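Structure first, commentary second.
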There are 2 protein chains.
Amino acid sequence: MGPKAAETRTSAPRTPLTRERVLRAASDLADRDGLDALTMRALADELGVEAMSIYYHLPNKNAILDGVVELTFAEIAAEAAAQGPARADAAGWSAAVRARILGARRVLLRHPWAPVVIDQRKSFSPAMVRHVDGIVGVMRDSGMSHDLIHHSLHAIGNRVYGYVQELSDDGQAPPPGQLEQMQSFAPHLAAMLAEVAHVDPESTLGWCDDQTEFEFGLDLLLEGIERRRLAEAAERSGPADR
Amino acid sequence: MGPKAAETRTSAPRTPLTRERVLRAASDLADRDGLDALTMRALADELGVEAMSIYYHLPNKNAILDGVVELTFAEIAAEAAAQGPARADAAGWSAAVRARILGARRVLLRHPWAPVVIDQRKSFSPAMVRHVDGIVGVMRDSGMSHDLIHHSLHAIGNRVYGYVQELSDDGQAPPPGQLEQMQSFAPHLAAMLAEVAHVDPESTLGWCDDQTEFEFGLDLLLEGIERRRLAEAAERSGPADR
DNA sequence: ACCTGAACACCGTTCAAGT
DNA sequence: ACCTGAACACCGTTCAAGT
């Protein structure tokens, strides 16, 4: 408690501001007080700093939003890693995909603002791409065609978050060199995109036909419900003969 | 072009402001310039009026957002009516539901801001309730249980917009007298909610178990994809014996 | 290199005032 | 009854300035 300690305190009153620290604080703030409470001024307060200091480490608020989405997908990756390698035989693909999606959901439930941010600003982080790539890999191992995988990603992905939209719908054509670059860290996904883009080069809507994807997912649901309806009816008429 | 005409012009330079006119203009503005461009000041400009004038007809911006969602569901109802009465026999329920959902989607594609507004503010208009009620009616005619219908609504509804969430998840218990009141204009839906709430009164999460609903929808999709995978495999091994 | 303060152009909204 | 103008408390961001 001598003057030296006090001096040290005033000369290093807090850990230095970094991109990481800003993003962590932003994610925590949104978790605790909601997305609307995540303002530059409130965030600065949380960090014991003036609002404008943040701009030295991140260019603007959009960068912060992209950053916290990135953090969230890093958590999802950690969750998946904790579950161990989810490779499976042909029949087991479904359980493996299911586990990954429910894992992602567990993380997203801890960050309720994340789905909102993800699909109102079509953010697109490497961690997100790798997450999708893992799912593509599992499906590919089961022998599915890239086409079926592609439709299935739309059907499933729309359910959890809109990531597939970004991956394809927006950029009319495949982004120039981006696909080659993706090959290094998301090989399954890159292979799928290459084939899908090649197969249907003159789709009126560009890369993916939104309407087709929507109907594919809808029909999956309707067929499943119909099967359950028939099961109910059978149950009702003769539960004995089972 | 005499002085009289000019006088008439200046004494009645525009049609009077009404709730209807404000909401129409708001919807049009959002269609044209996007949701972010829908500000009180820009909306007033569009109407040839000062920003504060709007507050005489609607209490605040949230009321405007609720109002434009209401308008959108009115359009969806008109679209459904144009398709004629979509009553069907047991096996035809699926086509009837499909038609209604694709109709809703056509309208929502004209108002891309609508899904965003609907699920970031959990708005809840009578027109929306009636839309859901129509779907419940069709499913009920096919002999499905209320339980199956309930799960199915979650699975399908999440896909188009989050309306079922509002209907149930939020209010822990059924809203006091609201259910009785609903009976008059949404009888099928009211019946379903009454039975579902009764059947599972001590659900840990309140009315609906979100996790259960999520897994129901996910499994529907996974099962459907698995069937298509098997079809692909069969096609590959012996396309001749079909 | 890292942080700050004042200022700008926006927002939704309150409130007292006009006709 | 219907509309307005000034003002308030916010927002993200620019810019020149401090250390």
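Proteins come first, then strands; the chains are lettered A, B, ... in the order of their sequence lines, and each starts at number 1. All of these numbers come straight from a predicted model, not from anything done at the bench. Side chains included, hydrogens not; waters and symmetry mates left out as well; all remaining heavy atoms used.
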Acceptor/donor pairs from residues 35-52 of chain B side chains to any protein atom, 3.5 angstrom cut, sequence neighbours excluded:
{"unit_1": "T39(B)", "atom_1": "OG1", "unit_2": "A42(B)", "atom_2": "N", "d": "3.1"}
{"unit_1": "E46(B)", "atom_1": "OE2", "unit_2": "R32(B)", "atom_2": "NH1", "d": "2.8"}
{"unit_1": "E46(B)", "atom_1": "OE2", "unit_2": "R32(B)", "atom_2": "NH2", "d": "3.2"}

Inset, instruction - Name all residues meeting the salt bridge (charged side-chain N to carboxylate O under 4.0 Å, His left out) criterion together with R110(B); count only those two or more places apart in sequence or in a different chain, and write none if there are none. - result: E75(B)
Inset, instruction - Sugar-phosphate means primed atoms, P, OP1 and OP2; the rest is base. With that split, encode nucleotides 12-18 of chain C 5' to 3' as B, S or - using protein heavy atoms under 4.0 Å. - result: BBB----
Inset, instruction - Please state how far atom CD in E50(A) lies from atom P in dT4(C), giving the value in whole angstrom units. - result: 5 Å
Inset, instruction - Can you tell me the distance, in whole Å, between the NE2 atom of H57(B) and the P atom of dC2(D)? - result: 7 Å
Legend entry - Listed partners of A63(A) passing side chain to side chain contact (heavy atoms under 4.5 Å, CB included), at least two apart: L58(A), P59(A), N60(A)
Inset, instruction - Give the rounded distance in Å between these two atoms: CZ of R19(A) and C1' of dA1(C). - result: 19 Å
Inset, instruction - State, yes or no, whether a side-chain contact exists between L220(A) and L220(B) at a heavy-atom distance under 4.5 Å. - result: no
Legend entry - Interatomic distance, L47(B) CG vs dT4(D) P [rounded to whole Å]: 11 Å
Inset, instruction - With sequence neighbours excluded, tell me which residues meet side chain to side chain contact (heavy atoms under 4.5 Å, CB included) with D31(A). - result: S27(A), D28(A), H111(A), W113(A)
Legend entry - Non-hydrogen side-chain atoms of T18(B) and R21(B) separated by less than 4.5 Å: yes
Legend entry - Partner set under ring-ring contact (aromatic ring centres under 6.0 Å, His included) for H57(B), not counting sequence neighbours: none
Inset, instruction - Give the dot-bracket string for DNA chain C, reading 5' to 3', where a pair is Watson-Crick or G-U wobble with both distances under 3.5 Å, ( ) marks pairs inside the strand, [ ] marks pairs crossing earlier ones, | marks a partner on another strand, and . marks unpaired. - result: ||.|||||...|||||.||
Legend entry - Length of the line joining Y56(B):OH and dA1(D):P, which is rounded to integer Å: 6 Å
Inset, instruction - Strictly below 4.0 Å, heavy-atom distances to any atom of DNA chain D: list the hits from residues 22-30 of chain A, or just say none. - result: none
Inset, instruction - Report the distance from atom CG of D36(A) to atom P of dC10(D), rounded to the nearest whole Å. - result: 14 Å
Legend entry - Set of salt bridge (charged side-chain N to carboxylate O under 4.0 Å, His left out) partners for R24(B), sequence neighbours left out: none
Inset, instruction - Sequence neighbours left out, what passes ring-ring contact (aromatic ring centres under 6.0 Å, His included) with H151(A)? Give chain and number order. - result: F216(A)
Legend entry - Close side-chain approach of I64(A) and I54(A), heavy atoms under 4.5 Å: yes
Inset, instruction - List in chain and number order the residues that pass salt bridge (charged side-chain N to carboxylate O under 4.0 Å, His left out) with R98(A), two or more places apart in sequence or in another chain; answer none if no residue qualifies. - result: E215(B), D219(B)
